[in-house]
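Keep in mind that the numbers below use all heavy atoms, side chains included, and drop hydrogens, waters and symmetry copies.
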Amino acid sequence: MRFLFLGDMVGRTGRTAVFDKLPGLVADWRLDFVVVNGENAAGGFGITEDIFNATLAAGADVVTTGNHVWDQREALSFAPREPRFLRPVNYPKGAPGAGSGLFEAKNGARVLVANIMGRVFMSPDLDDPFAAAEHLVSTCPLGEQADAIIFDFHAEATSEKQCFAHFLDGRVSVVVGTHTHVPTADHQILVGGTAYQSDAGMCGDYDSSLGMEKEEPINRFVTKLPRGRYEAAQGPATLCGLAVEISDRTGLAEKISPVRIGPRLAGVVPDFW
């Protein structure tokens, strides 16, 4: 199975790049399944239903989120009726929408996708992500109820992300980190066969502070005082993500490559498709 994950879309420039480029990637790479993190797509804060639908129309099969999931209040309304929109699964019982789902890929594979949020340096402080993940993989095991299992682990601390991946190694197909908006250089297939990257990076303007215009963040570091609002940067966006070839037989990763397409970072595309 050919799987592509794209990191956090940030603002108009990030989502426009995804909408423009993703259809071609789906066709050229003959992708079977695509997940896009959309939690910063609306001006850098949350996602609207229109943007969610446009992301699906561009080729995403599932849209994940994170700590900004409810920044656009309409998400509270559309989350319960959109099974392909995921908020972190470890929200307390009663939160709107779903945190995981079983979906069918283009090749017919059953794909369990779970969005989960870390707790180190994160707010809000959600339920234990390790216990939540254990429950998911125990009730829908790889090779039984699911042919592939994908985790978007939205977290700050690299140590938490690495331990989470090792905890699930051999039991899931992919653990990919989001939230920090900076792509890490540690993409690898772990010893048990799980594909891992600490952070996929963002789809946004990298001439920025994590996808936001630089001036206000710099001002707050220097003066410790707010002078204005954080605004999403509007320069040309670079797409960042992770490409994984998943075995149809075992559901584990066989090949892995970062994806970087755009003007600011050195370009990388998988050489196995």
Side-chain angles (χ1 to χ4, degrees), residues 3 5-10 35-40 44-46 62-71 86-93 95 97-101 112-140 142 148-204 209-212 240-242 244 252-253 256 258-259:
F3 169 67
F5 181 89
L6 293 180
D8 311 39
M9 292 189 294
V10 182
V35 176
V36 178
N37 187 293
E39 74 144 10
N40 302 113
F45 300 96
V62 175
V63 175
T64 54
T65 57
N67 58 304
H68 289 289
V69 58
W70 312 124
D71 285 3
L86 300 184
R87 46 81 175 160
V89 71
N90 51 332
Y91 260 93
K93 187 177 181 180
S100 65
L112 174 64
V113 182
N115 189 189
I116 200 158
M117 200 165 97
R119 297 202 292 184
V120 179
F121 309 129
M122 294 293 290
S123 178
D125 185 15
L126 301 186
D127 295 341
D128 181 1
F130 290 84
E134 182 63 39
H135 175 74
L136 285 171
V137 298
S138 297
T139 55
C140 190
L142 185 65
I149 300 178
I150 312 296
F151 272 86
D152 173 352
F153 190 45
H154 198 78
E156 181 75 25
T158 303
S159 59
E160 187 181 23
K161 291 178 176 180
Q162 289 180 341
C163 288
F164 184 82
H166 288 302
F167 176 71
L168 294 172
D169 186 23
R171 299 192 289 164
V172 305
S173 312
V174 180
V175 174
V176 57
T178 55
H179 180 65
T180 70
H181 295 196
V182 178
T184 56
D186 62 341
H187 61 281
Q188 60 184 293
I189 298 176
L190 302 178
V191 293
T194 295
Y196 172 71
Q197 186 180 18
S198 291
D199 205 286
M202 68 174 177
C203 297
S209 173
L210 306 181
M212 309 305 282
C240 284
L242 187 69
V244 182
L252 297 172
I256 186 172
V259 174

query = Would you say M117 and H179 make side-chain contact, with heavy atoms under 4.5 Å?
reply = no
query = Taking all non-hydrogen atoms of both residues, which atom of V63 and which atom of G38 are closest, and how far apart?
reply = CG1-N, 3.9 Å
key: Any side-chain heavy-atom pair of M9 and N37 under 4.5 Å   = no
key: side chain to side chain contact (heavy atoms under 4.5 Å, CB included) against D71, all qualifying residues, sequence neighbours excluded   = F45, H68
note = Output for pair (Y91 OH, W70 CH2), nearest 0.5 Å, gives 6.5 Å
query = NE2 of H187 to CG of D199: how many Å apart, nearest 0.5 Å?
reply = 14.0 Å
request  = Give the minimum heavy-atom separation between A148 and S173, together with the two atoms involved.
outcome  = CA-OG, 3.3 Å
remark   = Looking only at heavy atoms, the pair that brings N67 and S123 closest together is CB-O, 3.5 Å
query = For F153 and P129, which heavy atoms make the closest approach, and how far apart are they?
reply = CE1-CB, 3.9 Å
key: Any donor-acceptor pair under 3.5 Å from E160 side chain to V120 backbone   = yes
message = Would you compute the distance between atom CD1 of I149 and atom CG of L136 and round it to the nearest 0.5 angstrom?
response = 8.5 Å
ask   = How close do I116 and A133 get, heavy atom to heavy atom, and via which atoms?
value = CD1-N, 3.9 Å
request  = Would you check, one step at a time, whether the test side chain to side chain contact (heavy atoms under 4.5 Å, CB included) holds for F167 with E134?
outcome  = CA-CA 9 Å; F167 176 71; E134 182 63 39; 3.4 Å; yes
request  = Taking the side chain as every heavy atom from C-beta outward, state whether F5 and V259 have any pair of such atoms under 4.5 Å apart.
outcome  = no
message = Within the 4.5 Å heavy-atom criterion, are V137 and L142 side-chain neighbours or not?
response = no
ask   = Under the 3.5 angstrom rule, does the side chain of T194 hit a backbone N or O of L190 as a donor-acceptor pair?
value = no
key: Separation between CG of L86 and OG1 of T65, rounded to the nearest 0.5 Å   = 7.0 Å
task = Please name the pair of heavy atoms, one in V69 and one in P88, separated by the smallest distance, quoted to 0.1 Å.
result = CG1-CD, 4.4 Å
inquiry  = Once rounded to the nearest 0.5 Å, what's the spacing between atom CZ of R119 and atom CG of L126?
reply    = 8.5 Å
remark   = Output for pair (R171 CZ, S138 OG), nearest 0.5 Å, gives 6.5 Å
Contacts of T158 that satisfy side chain to side chain contact (heavy atoms under 4.5 Å, CB included) - sequence neighbours left out = Q162, S198
inquiry  = Closer than 3.5 angstrom, by distance alone: can the side chain of N115 be matched with the main-chain N or O of T64 as a donor-acceptor pair?
reply    = no
request  = For residues F3 and V35, determine if any side-chain heavy atom of one lies less than 4.5 Å from a side-chain heavy atom of the other.
outcome  = yes
message = Checking side-chain contact (heavy atoms from CB on, under 4.5 Å) between D8 and each of T178, T180, L210, which is the one that passes?
response = T178
query = Would a distance-only check, ignoring hydrogens and angles, find a side-chain to backbone donor-acceptor pair under 3.5 Å from N40 to G46?
reply = no
